[in-house]
Amino acid sequence: MAISAVMIDERVAGVEVTDVELIVRLRDGRRLAAPLDWFPRLKAATPAQRANWEEAAAGLGVHWPEIDEDIGVAGLLRSAAPEAA
């Protein structure tokens, strides 16, 4: 009997920000979504600013340089609203 191993890779593969949610795709194929209301700076940003993201923390986070916003994958995986900064 063959056993297949699941490869867990929590690093960011892609990011999409809609008018209502933040969607982060991980390298292992998971898709994490959170309400945009959780991220006031991101919600107030322009579409161009939202689209200008980069990997942070060796791929375990997302950074938007124009609005100085950082979001970690660990927090999204816990599915809890982030604490106020």
Side-chain angles (χ1 to χ4, degrees):
M1 171 166 85
I3 298 174
S4 75
V6 176
M7 300 299 292
I8 301 297
D9 190 345
E10 296 177 348
R11 292 177 294 162
V12 175
V15 175
E16 179 184 355
V17 183
T18 71
D19 287 336
V20 296
E21 69 183 349
L22 167 66
I23 303 161
V24 177
R25 288 182 317 282
L26 303 182
R27 291 186 186 180
D28 62 13
R30 286 180 285 178
R31 178 186 176 276
L32 309 174
L36 199 56
D37 288 337
W38 286 4
F39 313 101
R41 281 190 217 144
L42 201 51
K43 186 172 183 173
T46 66
Q49 289 171 322
R50 292 175 182 176
N52 183 24
W53 63 273
E54 54 193 38
E55 286 185 17
L60 296 175
V62 184
H63 175 68
W64 286 265
E66 293 180 58
I67 60 171
D68 194 30
E69 179 73 293
D70 295 286
I71 297 172
V73 170
L76 292 173
L77 286 168
R78 284 192 306 270
S79 297
E83 294 180 19

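Basis for what follows: all heavy atoms, side chains included, without hydrogens, waters or symmetry-related copies.
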| task | Determine, stepwise, if the pair Asp68 / His63 fulfils side chain to side chain contact (heavy atoms under 4.5 Å, CB included). | result | CA-CA 7 Å; Asp68 194 30; His63 175 68; 3.9 Å; yes
| Full working for side chain to side chain contact (heavy atoms under 4.5 Å, CB included) between Arg30 and Ile8 | CA-CA 9 Å; Arg30 286 180 285 178; Ile8 301 297; 3.6 Å; yes
| message | Just verifying a value: how many Å separate Arg41 CZ and Gln49 CD, rounded to the nearest 0.5 Å? | response | 12.0 Å
| field | Stepwise side chain to side chain contact (heavy atoms under 4.5 Å, CB included) test for Ile67 and Phe39 | value | CA-CA 11 Å; Ile67 60 171; Phe39 313 101; over 6 Å; no
| What's the shortest heavy-atom distance between Glu21 and Ala33, and which atoms? | OE1-CB, 3.5 Å
| task | Kindly say whether Lys43 contributes a backbone atom to a donor-acceptor pair with the side chain of Arg50 at under 3.5 angstrom? | result | yes
Could you give the side-chain donor-acceptor pairs of residues 51-60 under 3.5 Å, partners two or more places apart or in another chain?
| from | atom 1 | to | atom 2 | distance (Å) |
| --- | --- | --- | --- | --- |
| Asn52 | ND2 | Glu66 | OE2 | 2.6 |
| Glu55 | OE2 | Arg27 | NH2 | 3.2 |

| said: Less than 4.5 Å apart, side chain to side chain, heavy atoms only: is that true for Leu36 and Val20? | reply: no
| said: Can you confirm whether Ile23 sits close enough to Arg31 that some side-chain heavy atom of one is under 4.5 Å from a side-chain heavy atom of the other? | reply: yes
| request: Please name the residue in the list Leu76, Ile71, Val24, Leu32 that meets the side-chain contact (heavy atoms from CB on, under 4.5 Å) test with Val12. | output: Val24
